[in-house]
Amino acid sequence: QCLLAGILGPCTFVITDAHIKDESYLEYINAALSSGDVPGLFSADERENARNAIRHIAKQVARRQFEDSEEWLWNFFLSRVRDNLHFVLCFSPQGAAFRRRVRQFPGLIASCTVNYVFPWPAAALSDVA
């Protein structure tokens with residue numbers, strides 16, 4: 001998804017409670033939400049492929065600032081990922097799992113806009129508060 005967002009444009013990643021099979025998934029999501037970069041996500045070859053793919057776009061979009069260096073191209077790619085990759089997190093506020101996840105991964109709240117679709121039960125509101 002990151003490659004698509006960095007090169008092709010807007011991309012949305014929808015995640016529900018059922019998709020979280022391992023809490024380590026949330027580490028990656030938290031890093032992406034907080035900084036836009038997930039350390040260790042890309043191998044050296046994947047980083048090189050991303051830089052080569054973004055080079056043409058960078059020349060068109062950032063004509064005056066363009067530098068044909070690995071660092072500049074990677075930072076340009078990451079800035080496009082930050083702008084174009086969107087997460088839709090569909091989590092139930094009930095139970096200890098949500099409370100634990102919010103405490104352990106602060107980007108899930110601090111870097112998101114929270115939309116309440118259904119009314120929260122009073123017990124869930126007091127547990128999260």
Would you compute the distance between atom [atom1] of [X] and atom [atom2] of [Y] and round it to the nearest 0.5 angstrom?
X     : Y     : atom1 : atom2 : answer
Asn52 : Arg47 : CG    : CZ    : 13.0 Å
Ile29 : Leu26 : CD1   : CG    : 5.0 Å
Asp83 : Leu78 : CG    : CG    : 11.0 Å

Yes or no on side-chain contact (heavy atoms from CB on, under 4.5 Å) for Arg55 and Leu73, after CA distance, side-chain angles and deciding distance? CA-CA 7 Å; Arg55 183 174 278 115; Leu73 287 168; 3.1 Å; yes
Could you check whether Ser35 and Asp37, counting side-chain N and O atoms only, form a donor-acceptor pair closer than 3.5 Å? no
Closest approach of [X] and [Y], non-hydrogen atoms and distance?
X     : Y     : value
His56 : Gln60 : NE2-NE2, 3.0 Å
Ala62 : Trp72 : CB-CH2, 3.9 Å
Glu46 : Ser43 : OE1-N, 2.8 Å
Tyr25 : Ile20 : CD1-CA, 4.1 Å
Arg51 : Glu70 : CD-O, 3.2 Å

Is it the case that one hydrophobic cluster holds both [X] and [Y], taking links as side-chain heavy atoms less than 4.5 Å apart, direct or via other members?
X     : Y      : result
Phe77 : Val61  : yes
Phe13 : Val114 : yes
Val88 : Phe105 : no

Please check: side-chain N/O of Asn30 versus main-chain N/O of Gly107, any donor-acceptor pairing under 3.5 Å? yes
Side-chain (Ser34) to main-chain (Ala31) donor-acceptor, under 3.5 angstrom: no
Does the cation-pi check pass for Arg101 over Phe91, that is, NZ or CZ under 6.0 Å from the six-membered ring centre and within 45° of its axis? yes
Please determine whether side-chain contact (heavy atoms from CB on, under 4.5 Å) holds for the pair Asn84 and Cys11, giving the CA-CA distance in whole Å, both sets of side-chain angles, and the decisive distance to 0.1 Å. CA-CA 6 Å; Asn84 293 326; Cys11 184; 5.9 Å; no
Identify which one of Thr16, Val14, Ile109, Leu33 satisfies the side-chain contact (heavy atoms from CB on, under 4.5 Å) criterion when paired with Leu89. Leu33
Are there more than 12 heavy atoms of other residues, nucleotides or ligands under 6.0 Å from atom CZ of Phe66? yes
Pairs in or reaching into residues 109-129: which pass salt bridge (charged side-chain N to carboxylate O under 4.0 Å, His left out), with residues at least two apart or in two chains? Arg99-Asp127
Is it the case that the ring center of Trp74 lies less than 6.0 angstrom away from the ring center of Phe42? yes
Derivation and outcome, side-chain contact (heavy atoms from CB on, under 4.5 Å), residues Leu85 and Arg80: CA-CA 8 Å; Leu85 182 59; Arg80 292 202 25 119; over 6 Å; no
